[in-house]
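What you see below is based on every heavy atom in this structure, not just the backbone, and it leaves out hydrogens, waters and symmetry mates.
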Amino acid sequence: MHRRIIVPSALAASLLLAIPASAADFSPGAPGIGDSYYPASGNGGYDVSHYDLRLTYQPATDLLEGTATILATTKQNLSRFNLDLGLKVSEIRVNGRVAKFTTSGDHELEVTPASPLARNTPLTVVVRYAGKPSEFKIDGWSAWARTPDGGVAAQEPDSAVWWFPSNDHPLDKATFDVSVSVPDGTQAISNGVLQSQSSRLGWTRFNWRSNKPQATYLATLAVGRFDITTDRTANGLPVLNAYSKDLGDNAGAARASIERTTEVAEWLESVFGPYPFNSLGGYVPNVTSGFALETQTRPFYSPRQFANGANVSVVVHELAHQWYGDSVSVRDWKDIWVNEGFARYSQWLWSEKEGEGTAQELADYVYATRTADDPFWTVKPGDPGAENQFHVAVYDRGALALQALRNEIGDEDFFAILKGWPQEFAYGNARVADFVRYAERVSGKPLAGLFDTWLYQPVKPAAPVATAAGLSAPAAAPSARSAAKQAKPAKPVQPKSWKKIAATNTIHESEAHEGHAGH
């Protein structure tokens, strides 16, 4: 062994290396995670692994009190970092020590720890806070819905800032423990598995665990009086559905739809592969909204989804998101097609299975009934813009792209892709471009042109292009009658499932997002 002799100058240099970096080497984490549609969403400088939320909620006053413990790892030398929260904070501790904090913008909580934080070190942040979520708005918009017996947090693209501090963007997923204390006789519903509940001095505490990575907007909280049904799937997964006791005339239709959750999930496993999470279910609170949302393991449904009777199609849509949107989430909100195009196509496949119209017939119907001058065709599902993120074109034109892909590569490769993609990117994030590359790899075919036509061109694909993709315009009327009749296309036949599918077009209705695009 060669033993190095340390001379005084070398010793001095080695001691310098042991001294912590100066404050100049530390910088604040970015106030946004870099999303192209919502620059203020999320934060830079750290990565969260777990949220532990211990909450108390009083339905009569809408007062929410919370202590959030956030486990994270620093990604840079941090002098300061941001969290996203709209409620009032009383104290923050970082790694056990009291930290300074201030607020900026609509929901930025700027935290300055007692000492700078070195890169790649564990981070524990404890935030004590309280407030009335219904009183917090962003540009007049709220993700918190008051109900006659409580409140609900469920919205997209974000809802977390109304009830817990977070790094609020799908790029930073984490596991969750949500513990909520509510007055006896009231229930608290959240994601995952109910680990336990206990009552003391007039209050009942519900402890929920979601043990797979979960985007913050997919975390949900519902407090109220519910009728709850429980079961287990053939594979042993717990199933929990909850219905507000005051749903009125929509109660029966809601139950007739959501109680088929297990059946739908088992069918989706045959299409998309093994169910990715630790529980199943759904809940219907007494809200006035009309949308539904794929909150992880336990989708949220508005009663209005069932105003015209049972609709299993919306259950298919939200459960399909458990694979496409929840397990595999967007990297950037412009990649919304990797969520919504597939959830809509799952409804087409369900229609095919139920004998109410094949996916091909539904695709042909969409193509035929949307004229070339319809603004529908100007929306690009592959990058629709924040203002059109939940436009019907992202759903229907997005599903058209999948039918065109199916016709181009054949059923064997197509269904291999539908099943393989959620495995390839399980519990992670992906872009539209990632799916294109994956489809090319599995099929062995160049597909960039096909996806460009159906996802990115702001025009209706011409009839020859549609025909080449296996999509047909309606046939011309018999020519023997008159020139007028020759020019007039035949009326396309509406598939039996169309109305039920169209009734779910309010799944992420725009009324909930007005004014939000600038956030």
Side-chain angles (χ1 to χ4, degrees), residues 32-33 35 37-38 40-43 51 53 55 57 59 62-64 66 68 83-88 103 105-109 129-147 150-170 172 176 178 180 188-191 210 214-224 283-296 298-305 318 321 325-326 329-330 333 336 339 386-387 389-390 506-519:
I33 210 165
D35 191 88
Y37 287 2
Y38 306 109
S41 290
N43 308 286
Y51 293 95
L53 309 178
L55 313 173
Y57 180 72
D62 194 41
L63 178 63
L64 177 71
L83 292 168
D84 299 301
L85 180 65
L87 303 182
K88 187 176 180 180
T103 59
D106 289 320
H107 56 72
E108 296 290 338
L109 185 61
Y129 60 100
K132 296 182 178 181
S134 60
E135 294 181 354
F136 172 62
K137 302 240 183 344
I138 299 176
D139 297 328
W141 179 83
S142 178
W144 182 268
R146 286 284 272 142
T147 61
V152 179
Q155 243 322 338
E156 186 179 16
D158 51 18
S159 66
V161 295
W162 276 265
W163 63 290
F164 68 95
S166 72
N167 192 8
D168 196 14
H169 191 276
D172 195 359
F176 279 75
V178 179
V180 191
I189 308 294
S190 192
N191 311 80
S210 195
Q214 177 173 284
T216 47
Y217 85 95
L218 296 172
T220 192
L221 174 65
V223 175
Y283 74 96
V284 191
N286 186 6
V287 291
T288 59
S289 60
F291 69 96
L293 182 64
E294 62 272 17
T295 40
Q296 192 159 307
R298 187 150 294 106
F300 158 92
Y301 301 93
S302 297
R304 270 169 47 195
Q305 284 287 325
E318 300 308 334
H321 272 312
D326 293 13
S329 302
V330 296
W333 279 111
I336 190 66
N339 292 13
E387 70 282 0
Q389 190 176 350
F390 302 107
T506 56
I507 280 172
H508 302 136
E509 60 187 1
S510 59
E511 70 183 51
H513 303 272
E514 286 177 359
H516 188 60
H519 163 49

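A donor-acceptor pair under 3.5 Å links the side-chain atoms of E318 to the main chain of E294, judged by distance alone.
In this structure, A219 and S159 approach most closely via the heavy-atom pair O-OG, 3.9 Å. Among all heavy-atom pairs drawn from L293 and E156, the shortest one is CD1-OE1, 3.5 Å. Heavy-atom minimum distance, A222 versus V152: CB-CG2, 4.1 Å. Heavy atoms only, all atoms of each residue included: P170 and A215 are closest at CA-CB, 3.9 Å. When all heavy atoms of Q305 and A292 are compared, the pair lying nearest together is NE2-N, 4.2 Å. In this structure, G325 and Y217 approach most closely via the heavy-atom pair O-OH, 4.1 Å.
Residues meeting the side chain to side chain donor-acceptor pair (under 3.5 Å) test with Q214, sequence neighbours left out: S210. Evaluation of the ring-ring contact (aromatic ring centres under 6.0 Å, His included) rule for F300 yields Y283, F291 as partners, not counting sequence neighbours. Take S329 and apply the side chain to side chain donor-acceptor pair (under 3.5 Å) test, not counting sequence neighbours, and it matches K173. Y129 is linked by a ring-ring contact (aromatic ring centres under 6.0 Å, His included) to nothing, counting only residues two or more places apart in sequence or in another chain. With sequence neighbours excluded, the residues forming a side chain to side chain donor-acceptor pair (under 3.5 Å) with N286 are D246, listed by chain and number. Residues passing the side chain to side chain donor-acceptor pair (under 3.5 Å) test with Y57 are D62, R146, sequence neighbours excluded.
Note: T220 OG1 to Q296 CD = 11.5 Å, rounded to the nearest 0.5 Å. We find the CG-OG distance between L85 and S166 to be 8.0 Å, quoted to the nearest 0.5 Å. Put simply, CG on N167 and CD1 on I33 are 4.5 Å apart, with the number rounded to the nearest 0.5 Å. Once rounded to the nearest 0.5 Å, the distance linking CG of L87 with CD of E135 reads 10.0 Å. How far CG of D172 is from CG of N43: 9.0 Å, rounded to the nearest 0.5 Å.
A perpendicular orientation is assigned to the rings of Y38 and W333, their planes being inclined by more than 60° (bins at 30° and 60°).
Side-chain polar atoms of D326 and H321 form no donor-acceptor pair below 3.5 angstrom.
At least one side-chain heavy atom of V330 sits less than 4.5 Å from a side-chain heavy atom of N339. Within the 4.5 Å cutoff, side-chain heavy atoms of L221 are placed close to those of L55. A heavy-atom distance below 4.5 Å is found between the side chains of W162 and I138. When side chains are defined from C-beta on, Y51 counts as touching T216, because their heavy atoms get closer than 4.5 Å. Annotation: side chain of V180 is not in contact with side chain of S190 (no heavy-atom distance under 4.5 Å). L109 is listed as a side-chain neighbour of T103, based on a closest heavy-atom distance under 4.5 Å. Under the 4.5 Å side-chain criterion, counting only non-hydrogen atoms from C-beta, W163 is in contact with W144. Using a 4.5 Å heavy-atom cutoff, the side chains of V287 and R304 are not in contact.
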| query | Are E108 and D84 close enough, and set up right, to give a side-chain contact (heavy atoms from CB on, under 4.5 Å), and what steps lead you there? | reply | CA-CA 5 Å; E108 296 290 338; D84 299 301; 3.5 Å; yes

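Counting non-hydrogen atoms of other residues, nucleotides and ligands closer than 6.0 Å to NZ of K137 gives a total above 12.
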